[in-house]
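Working notes for the structure below.
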Amino acid sequence: DLTDENNIKIVNTFDFSNVFVDGESLQGHCYTFNVVVDYPYAYATLASTNDYCNTAKDHRGVVAIDLHDVNNPKLSFAEIPQNRLSRFTNTDQTPTQITKFADCIFVNNREYGVEVFRVGKDGILSYLSKITMPEVSSSNAICTTSNGGLFVADDNVNGSLRNIYFYRLW
């Protein structure tokens, strides 16, 4: 009963201690800003803290959370390619926004536009491609529509035009 605040309980907490890149746990190196749920899976943005930004420990992408057993969730990480990481350090590190359409996850990536991940049958993600934005832009808020549209808002971090861009996905 959601009307009784005493009935709302935490089922599980994710600290990313069991998410590894190159043998190293991402616990304490990153944060998440946004999540999209397509039960029994959840997908969360994962970005390095500023302490690790632009270093060898800079890992950003999407964490897939398998919720088939909520008492024992399984986490996996799909990384944005290193040569596509936003280098802005005067704002929150991307990705901060996430949306899903069909079998794809989309995340914002500032001056690089939008990164696309394919969702496998087991909920595991793999990097698929990018959606490039105009030369001077900074993707922030993103949203998909039920008929295959993608809206991307430009937040002017790098002197861009503050436009909203609409893409037809398929």
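- Each of Val107 and Tyr112 belongs to its own hydrophobic cluster when Ile, Leu, Val, Met, Phe, Trp and Tyr are linked at side-chain heavy-atom distances under 4.5 angstrom.
- Of the possible donor and acceptor atoms, none in the side chain of Ser138 sits under 3.5 Å from a partner among the backbone N and O of Arg110.
- Evaluation of the salt bridge (charged side-chain N to carboxylate O under 4.0 Å, His left out) test over residues 37-46, restricted to residues two or more places apart or in two chains, returns Asp38-Lys100.
- Here the shortest heavy-atom pairing between Pro95 and Gly61 reads CG-O, 3.4 Å.
- The aromatic rings of Phe33 and Tyr31 sit perpendicular, their planes meeting at an angle over 60°, well past the 30° parallel limit.
- Taken from CG in Asn109 to OG1 in Thr96, the straight-line distance is 9.5 Å, to the nearest 0.5 Å.
- For Tyr41, the ring-ring contact (aromatic ring centres under 6.0 Å, His included) test picks out His68, with sequence neighbours left out.
- Note that CG of Leu85 is 5.0 Å distant from CG of Asp58, once rounded to the nearest 0.5 Å.
- Here the shortest heavy-atom pairing between Ala64 and Gly123 reads CB-O, 3.6 Å.
- Using a 4.5 Å cut-off between side-chain heavy atoms of Ile, Leu, Val, Met, Phe, Trp and Tyr, Ile164 falls into a hydrophobic cluster with Phe151, Phe166.
- Listed by first then second residue, pairs satisfying salt bridge (charged side-chain N to carboxylate O under 4.0 Å, His left out) with a partner in residues 28-37 number zero, not counting sequence neighbours.
- Tyr39 and Leu75 fall within the same hydrophobic cluster, defined by Ile, Leu, Val, Met, Phe, Trp and Tyr side-chain heavy atoms under 4.5 Å apart, directly or through other members.
- For Phe117, the ring-ring contact (aromatic ring centres under 6.0 Å, His included) partners at least two apart in sequence or on another chain are Tyr127.
- Residues meeting the side-chain contact (heavy atoms from CB on, under 4.5 Å) test with Thr32, sequence neighbours left out: Phe16, Ala44, Thr45.
- Under the side chain to side chain donor-acceptor pair (under 3.5 Å) criterion, Thr145 pairs with Asn147, not counting sequence neighbours.
- Separation of atoms OH (Tyr43) and CG (Leu125) is listed at 5.5 Å; rounding is to 0.5 Å.
- A continuous path of ILVMFWY side-chain contacts below 4.5 Å connects Val116 to Val152, so both sit in one hydrophobic cluster.
- Partners of Ala42 under the side-chain contact (heavy atoms from CB on, under 4.5 Å) rule, at least two apart in sequence or in another chain, are Val35, Val37, Ile65, Leu67.
- The two residues Gly113 and Ser139 have their closest heavy-atom pair at O-OG, 2.6 Å.
- Met133 and Leu128 end up in the same hydrophobic cluster when Ile, Leu, Val, Met, Phe, Trp and Tyr side chains are linked at under 4.5 Å.
- Partners of Gln97 according to the side chain to side chain donor-acceptor pair (under 3.5 Å) rule, which considers only residues two or more places apart in sequence or in another chain, are Asn34.
- Rounding to the nearest 0.5 angstrom, the gap separating the CG atom in Leu169 from the CZ atom in Phe106 is 4.5 Å.
- Residues forming a ring-ring contact (aromatic ring centres under 6.0 Å, His included) with Phe101 (at least two apart in sequence, or on another chain): Trp170.
- Among residue pairs with one or both ends in residues 112-133, those qualifying as salt bridge (charged side-chain N to carboxylate O under 4.0 Å, His left out) are Arg84-Glu115, Asp103-Arg118; sequence neighbours excluded.
- By the 4.5 Å heavy-atom criterion applied to side chains, Ile105 and Val119 are counted as neighbours.
- Screening residues 65-79 for salt bridge (charged side-chain N to carboxylate O under 4.0 Å, His left out), with sequence neighbours left out, gives no hits.
- Checked by atom type and distance alone, the side chain of Arg60 pairs as donor or acceptor with a backbone atom of Ser86 at under 3.5 Å.
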